[in-house]
Protein chains: 2
Amino acid sequence: MSSSAEKYDVFQAIADPTRREVLKLLTQKELSISNITSYFPMSRTAVAKHLHILSEAKLVSGRKVGREKLYRLQPESLEELKQWLSFFEQFWNNKLSILKHVVENDEQAGLQVIETECDEQK
Amino acid sequence: MSSSAEKYDVFQAIADPTRREVLKLLTQKELSISNITSYFPMSRTAVAKHLHILSEAKLVSGRKVGREKLYRLQPESLEELKQWLSFFEQFWNNKLSILKHVVENDEQAGLQVIETECDEQK
DNA sequence: ATAATATAACACCCAATGGTTTCGTGTCAA
DNA sequence: TTGACACGAAACCATTGGGTGTTATATTAT
């Protein structure tokens, strides 16, 4: 690891529950690696690796303060995720309205009904 | 019964570029496995595995039609991702002021509280 | 200076991932 | 019925990821 090229993008970075929890922690304030480690049942080295991955994805940034390294959130990088999501938003709003229609007419099976119901081909 | 013990959640499902591409394809219309495979430089089995993962994450659903299995997008599951994202949204434009505010008033322990707490722009 | 602390840098292990191929089964069409 | 097609399941393999521990280095405190 420790490659110069970035192997991790935002999508991979947030795929891990531990890393998502770290991000949540960092919304509070800057934290050192050891400090963050105290919240998790794993070694400091493991947490440092997670932080390195988050750092590659530009979701956090670390600055050296004395002998500690303080990490802080860099939430702007989540913009990429938001934009990716917005592409699908139109589709699932559409789906939800259809779902509502289905539920109104037949309200037993819910989500599973839809897959045999609406099939608009382009 | 909301199923149980799913190996793959939404976050892991979208971590893979191939799977994201599959989702994009499925926004157009239902597609069979072989049809989807034609878009990728990998075997049909590999694509089927990706589809299985997407299915576990409830991002797609498949129905058998004759000897084909047609997959369709199930974008409602992206709602979970959207909600996760919305938690951080409040931080990435005015993160400095909020961060300062949080540090001054309260320390940790309130991770879950914060999402209902500070949603006002300063 | 010395000791204690915090992080970095490695080497190593195990499990999971992502791909392959092969084989079997059910389905559609001559 | 026969054969091509679409899929599923399983075995298999290479690579990577996340975990461990150990050691090294730099900073702070005494």
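Chain letters run A, B, ... following the sequence lines, proteins first and then strands; every chain starts at 1.
- With sequence neighbours excluded, the residues forming a ring-ring contact (aromatic ring centres under 6.0 Å, His included) with Phe87(A) are Phe91(A), listed by chain and number.
- Between Arg19(B) atom CZ and dG18(C) atom C1' there is a gap of 9 Å when expressed in whole angstrom units.
- Here the side chains of Leu31(A) and Val22(A) are not in contact, with every heavy-atom distance at 4.5 Å or above.
- The residue Phe40(B) sits apart from the nucleic acid: no heavy atom pair falls under 4.0 Å.
- Looking at residues two or more places apart in sequence or on another chain, you find a side-chain contact (heavy atoms from CB on, under 4.5 Å) between Ser61(A) and Arg72(A), Gln74(A).
- Within the structure, ring pair (Phe, Tyr, Trp, His ring centres under 6.0 Å) contacts touching residues 10-57 of chain B (residues at least two apart or in different chains) are Phe11(B)-Trp84(B).
- Residues passing the salt bridge (Lys or Arg N to Asp or Glu O under 4.0 Å) test with Arg20(A), sequence neighbours excluded: Asp9(B).
- Leu51(A) places its CG atom 17 Å from the P atom of dG17(D), with the value rounded to the nearest Å.
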Scan nucleotides 19-25 of chain C against the protein and return all N/O pairs shorter than 3.5 Å with their distances rounded to 0.1 Å.
unit_1, atom_1, unit_2, atom_2, d
dG19(C), OP2, His50(B), NE2, 2.4
dG19(C), N7, Lys49(B), NZ, 3.2
dG19(C), O6, Lys49(B), NZ, 2.3
dT20(C), OP1, Ser43(B), N, 3.4
dT20(C), OP2, Ser43(B), N, 2.8
dT20(C), OP2, Ser43(B), OG, 2.5
dT20(C), O4, Lys49(B), NZ, 3.3
dT21(C), O4, Thr45(B), OG1, 3.3

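- Between the Arg44(A) side chain and the Thr37(A) main chain, no donor and acceptor come within less than 3.5 Å of each other.
- Looking at residues two or more places apart in sequence or on another chain, you find a side-chain contact (heavy atoms from CB on, under 4.5 Å) between Lys69(A) and Tyr71(A).
- Counting to the nearest Å, the C1' atom of dT7(C) and the CG atom of Asn35(A) are 14 Å from each other.
- Look at CD1 on Ile33(A): it is 18 Å from P on dT5(C), rounded to the nearest Å.
- Whole-Å rounding puts the Glu56(A) CD to dG18(D) C1' distance at 15 Å.
- Direction of the helix axis in the helix from dA1(C)-dT30(D) to dA30(C)-dT1(D) shifts by 30° between the two five-pair termini, rounded to 10°.
- The ring-ring contact (aromatic ring centres under 6.0 Å, His included) test applied to Tyr8(B) returns no partner, not counting sequence neighbours.
- Not counting sequence neighbours, the partners of Ser77(B) by the side-chain contact (heavy atoms from CB on, under 4.5 Å) test are Val10(B), Lys58(B), Leu59(B).
- In this structure, the separation between CG on Leu26(B) and CG on Leu51(B) is 7.0 Å, given to the nearest 0.5 Å.
- Nearest-nucleotide positions on DNA chain D for Ala48(B) and Gln12(A) put Ala48(B) closer to the 5' end.
- Under the rule for a side-chain contact (heavy atoms from CB on, under 4.5 Å), the partners of Ala48(B) that lie at least two apart in sequence or sit in another chain are Ile33(B).
- Heavy-atom distances under 4.0 Å link DNA chain C to Arg67(A), Glu68(A), Lys69(A) of residues 59-71 of chain A, given in residue order.
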